[in-house]
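Residue indices begin at 1 and follow the sequence shown.
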Amino acid sequence: MTPMRRHRSGPGRPAVGANIPRKEGPGKVTGSALYVDDIVMPGMLHGATVRSTVAAGRILGIEFDPAFDWSDVTVVTHRDIPGRNVVALIEDDQPVLAADEVRHAEEPVLLLACADRERLLAAVRAVTIRCQPLDPVLTIEDSLAAGRVIREPGNVFKKFLIQCGDVDRAMAKAHRVVERTYRVGHQEHVYIENNGVIAYLEQNGGVVVRGSLQCPYYVHRALTGIMGLPEKRVRVVQTVTGGGFGGKEEYPSMIAAHAALLARKSGRPVKLVYDRAEDMAATTKRHPAIVRHRTAVAADGTLLAQDIDVVMDAGAYLTLSPVVLSRGTLHAAGPYRCPNVRIRSRAVATNTPPNGAFRGFGAPQTLFAAELQMDHIAEVLGLDPVALRRHNMYRVGDGMPTTQVLRESVGAAEVLDLALRESGYARRRKAAEAHNRKARARTSGPRRTRGVGLSLVMHGGGFTGSGEAKLASVAAVELGPDGRPNVLAASTDIGQGAITVFAQLAADALHVSPDIVDVAQPDTSAVPNSGPTVASRTTMVVGKLVAEAAAGIRDRLWAYDPKGWKDDAGYLRVARRFVAEHRGLREDRAYRQPAGLRWDDDTYTGDAYGCFSWACNVVEVEVDLDTGEVRPIEVVAAVDIGKAVHPRLAEGQVEGGITQALGWALLEEVRTRDGRMINNQLTNYIIPTTVDTPPIRTLLVEAPYSQGPWGAKGLGELPMDGPAPAVVAALRQATGAWFDEIPVTPERVLAALERQAEEVGA
């Protein structure tokens with residue numbers, strides 16, 4: 001059950017729902033918080049990675065420049081790995097260090113360490129990896145053609161099929177069938193802090209890794225196999241982390257292994273921190289995708305059938321592509337009921353750096369296509385796109401393509417109505433039309449048009465299907481000798497405010513103030529495995545476990561002293577007495593799947609997620625018809641997250657996600673040559689700055705989820721899903737052109753305007 005507030009005296013105002021100061025804020029503001037590159041250890045070496053320069057090839061040999069003095073340089077090859085040369089994840093296909101072949105440019109082949117950074121960089125330049133190049137497979141189209149198979153069967157890593165009803169029959173009887181293909185590209189995470197770790201050995205031969213990461217137990221599992229050590233002799237500690245967005249979910253296992261191997265061979269601590277260029281070139285990115293839609297509709301806009309094909313570029317190794325593809329597949333039909341649906345999806349192999357987790361986890365790619373398809377349908381039928389959405393959107397009791405029935409907490413109508421009203425959508429669309437007539441008629445001076453677009457999206461919270469049950473997360477709360485509660489969880493704070501939210505949830509369950517609640521540093525030797533910090537699950541799933549564990553502490557203390565407490569001082573007196581008499585107090589709570597949820601992995605049917613969060617985005621843009629520049633003017637976002645535990649942090653998540661999504665839609669284009677990223681620096685990989693970010697109005701809607709703590713649902717990924725299609729819808733009004741591929745760069749805008757002019761001339 002969701003922990004509920006009892007009618008007992010407490011410290012006053014509840015913490016949940018309040019904008020309390022961030023628990024970790026003072027340390028970051030004063031500089032006392034230590035990021036991994038701030039840490040210095042006695043005798044520490046600096047590490048570096050020597051990488052492949054070709055996208056595909058057989059390794060013929062490694063040459064070390066004899067003119068270079070190698071005496072103080074530690075060298076590690078695949079032969080120095082004491083355990084298995086594989087980064088354990090979903091599938092054991094990615095090597096720690098390439099041995100015989102390379103499958104992508106920037107693949108790690110050799111490791112070096114030296115006390116002097118300048119000599120280390122010179123040492124990297126003094127190594128030559130000799131390769132026999134092979135013809136690389138660099139695009140989705142090349143992979144599907146299977147001219148060269150780099151992964152059996154047929155370059156396909158993973159595929160899914162979801163189907164309900166009779167799609168072909170519905171297509172044959174439809175009033176219209178609308179077909180369209182959509183494309184999205186890579187996106188770089190651009191977290192503020194680059195990937196970095198420090199590794200060192202313990203006296204018992206164990207290894208300790210401290211690093212900037214999201215999922216300590218992922219790294220722990222990978223290291224036990226690579227280092228050939230039992231679990232108890234591997235320790236992973238998260239340092240203060242400057243952002244992740246999914247980019248520090250699986251990749252830290254790789255860099256941690258490299259640092260640990262160098263520490264093992266040198267016998268000294270090794271710090272391995274990427275610079276920005278290496279981080280951008282070598283680490284994972286958002287999966288590019290091609291999504292094809294065929295939609296059968298009735299004359300009134302009722303969706304009769306959807307036939308959807310999704311192909312994602314996984315890169316050279318599997319990493320997390322199956323779960324990214326899974327979530328993308330499950331969201332591909334959008335937030336709309338339809339009786340006949342067929343969704344086919346594949347993740348294919350290419351000779352490019354592996355793609356991995358990124359905020360939204362596959363859903364932004366497919367929801368971009370789903371929302372634009374609704375706009376195309378509206379245009380083909382001559383219907384209002386808002387009315388079309390309202391006619392088809394999910395409501396409580398509706399069934400989904402997986403046969404899941406939406407039983408509760410369906411906020412689609414609420415977010416749509418609120419966003420329309422608060423943005424003045426209809427009024428602004430009309431004003432934009434009047435503005436554009438004047439702008440297009442102008443013969444001198446700037447010609448700037450405007451457009452207003454809208455999107456409606458949903459996002460499933462937590463692991464898919466039976467994932468949470470299999471993960472079996474555990475969180476705990478224990479009392480120290482001073483009686484202060486300490487939250488124990490492996491879920492990390494990567495800037496989103498998890499430390500503060502955990503303190504709020506524990507405080508309200510205990511009836512104390514968050515000021516006296518501590519949250520332990522994630523350390524695999526000290527905290528239980530609460531699962532990874534991904535999938536919009538930290539508050540909804542792990543936060544609930546924290547609240548339940550804290551409620552268990554409260555009940556034990558109330559049984560010990562039925563008088564309870566009226567304030568923090570009273571609580572501490574009771575807690576200290578209990579701890580002194582009983583030598584401590586700790587309550588653990590493990591995840592229990594809510595009753596009524598069912599899922600079949602073989603047929604991919606059932607309850608994909610316990611609940612969904614919902615969002616409606618209204619975006620207004622301005623377009624310079626002479627330069628092609630697109631400037632977002634304002635974004636209004638209504639989001640249903642069940643309960644805002646900390647409203648200001650929630651608004652910050654929405655604003656950050658929207659800004660990231662605007663960059664994906666308009667600016668961020670990964671450029672490659674021969675499988676290598678060539679704009680891997682922030683001078684030519686363009687992201688939104690404060691100057692580019694428009695005013696963002698966040699409207700919080702609370703449709704509580706019965707199984708979330710105080711009704712809370714997932715939030716972190718939802719803001720990424722909706723802005724891109726809303727931008728393209730706004731561009732349709734501003735330019736008269738459709739953009740079915742993002743990013744919509746100025747070059748693409750000018751090309752579309754030129755095509756329009758040619759068509760008018762013809």
Side-chain angles (χ1 to χ4, degrees), residues 11 13 15-41 189-198 210-214 216 237-245 247-248 252 271 273 275-276 279 359 480 482 484-508 512-523 527 533 538-539 543 546 568 644-660 682 687-693 695-696 698 715-716 719:
R13 191 176 172 210
V16 171
N19 292 317
I20 69 169
R22 293 184 68 141
K23 296 282 284 186
E24 80 285 8
K28 291 181 177 179
V29 171
T30 62
S32 61
L34 297 180
Y35 294 83
V36 65
D37 207 22
D38 296 324
I39 301 172
V40 177
M41 299 183 68
H189 297 88
V190 199
Y191 22 67
I192 295 176
E193 180 198 23
N194 300 334
N195 271 286
V197 298
I198 292 178
R210 297 178 180 270
S212 180
L213 48 90
Q214 290 180 229
V237 184
Q238 184 222 12
T239 55
V240 178
T241 297
F245 309 116
K248 294 176 184 174
K271 178 190 288 186
V273 177
D275 64 17
R276 182 64 69 180
D279 203 303
R359 191 180 206 158
D482 59 358
R484 291 173 66 99
N486 189 26
V487 175
L488 305 175
S491 302
T492 56
D493 193 312
I494 53 177
Q496 83 280 33
I499 291 172
T500 304
V501 167
F502 283 169
Q504 288 176 279
L505 293 171
D508 270 19
V512 299
S513 73
D515 296 338
I516 66 168
V517 178
D518 298 321
V519 179
Q521 182 180 37
D523 178 341
V527 302
T533 306
T538 301
T539 297
V546 168
D568 289 348
V645 176
H646 192 298
R648 193 165 295 150
L649 286 178
E651 291 168 2
Q653 284 288 290
V654 174
E655 291 172 6
I658 286 174
T659 303
Q660 207 163 30
L682 294 182
I687 64 172
T689 67
T690 53
V691 175
D692 307 301
T693 305
I696 298 172
T698 301
L715 168 60

Check residues 487-500 and write down every donor-acceptor pair under 3.5 Å in which the side-chain atom is one partner and the other belongs to a residue at least two apart or another chain.
{"unit_1": "Ser491", "atom_1": "OG", "unit_2": "Ser530", "atom_2": "OG", "d": "2.9"}
{"unit_1": "Thr492", "atom_1": "OG1", "unit_2": "Gln214", "atom_2": "O", "d": "2.9"}
{"unit_1": "Thr492", "atom_1": "OG1", "unit_2": "Thr533", "atom_2": "OG1", "d": "3.0"}
{"unit_1": "Asp493", "atom_1": "OD1", "unit_2": "Gly495", "atom_2": "N", "d": "2.8"}
{"unit_1": "Asp493", "atom_1": "OD2", "unit_2": "Ala498", "atom_2": "N", "d": "3.0"}
{"unit_1": "Asp493", "atom_1": "OD2", "unit_2": "Ile499", "atom_2": "N", "d": "3.0"}
{"unit_1": "Gln496", "atom_1": "OE1", "unit_2": "Ile494", "atom_2": "N", "d": "2.7"}
{"unit_1": "Gln496", "atom_1": "NE2", "unit_2": "Thr492", "atom_2": "O", "d": "3.1"}
{"unit_1": "Thr500", "atom_1": "OG1", "unit_2": "Lys23", "atom_2": "N", "d": "3.0"}
{"unit_1": "Thr500", "atom_1": "OG1", "unit_2": "Glu24", "atom_2": "OE1", "d": "3.4"}

Item to complete: State, to 0.1 Å, how close Asn486 and Ala520 come at their nearest heavy-atom pair, and which atoms those are.
Response: OD1-N, 3.3 Å
Worksheet entry | Spacing of Phe502 atom CZ and Thr539 atom OG1 [to the nearest 0.5 Å] | 6.5 Å
Fill in: Closest contact, heavy atoms only, Glu193 versus Val240
OE1-O, 3.8 Å
Discussion item. Working to the nearest 0.5 angstrom, can you tell me the gap between Arg648 CZ and Arg22 CZ?
Written reply: 11.5 Å
Worksheet item: Has the side chain of His189 got a donor or acceptor atom that lies under 3.5 Å from a matching backbone atom of Gly244?
Response: no
Worksheet entry | Thr30 side chain to Lys28 backbone, donor-acceptor under 3.5 Å | no
Response to the item:
Residues Ala15 and Asp508: closest non-hydrogen pair is N-OD1, 2.7 Å
Practice prompt. Ignoring hydrogens and angles, tell me if any N or O in the side chain of Gln521 forms a donor-acceptor pair with the backbone of Gln238 under 3.5 Å.
Written response: yes
Fill in: Flag, side chain of Glu655 to backbone of Thr698, donor-acceptor distance under 3.5 Å
no
Discussion item. Rounded to the nearest 0.5 Å, what separates atom CG in Asn195 from atom CG in Leu213?
Written reply: 9.0 Å
Worksheet item: For the residue pair Pro252 and Gly247, what are the closest heavy atoms and their distance?
Response: CD-O, 4.2 Å
Worksheet entry | Short side-chain to backbone donor-acceptor contact, Arg276 and Asn194, under 3.5 Å | no
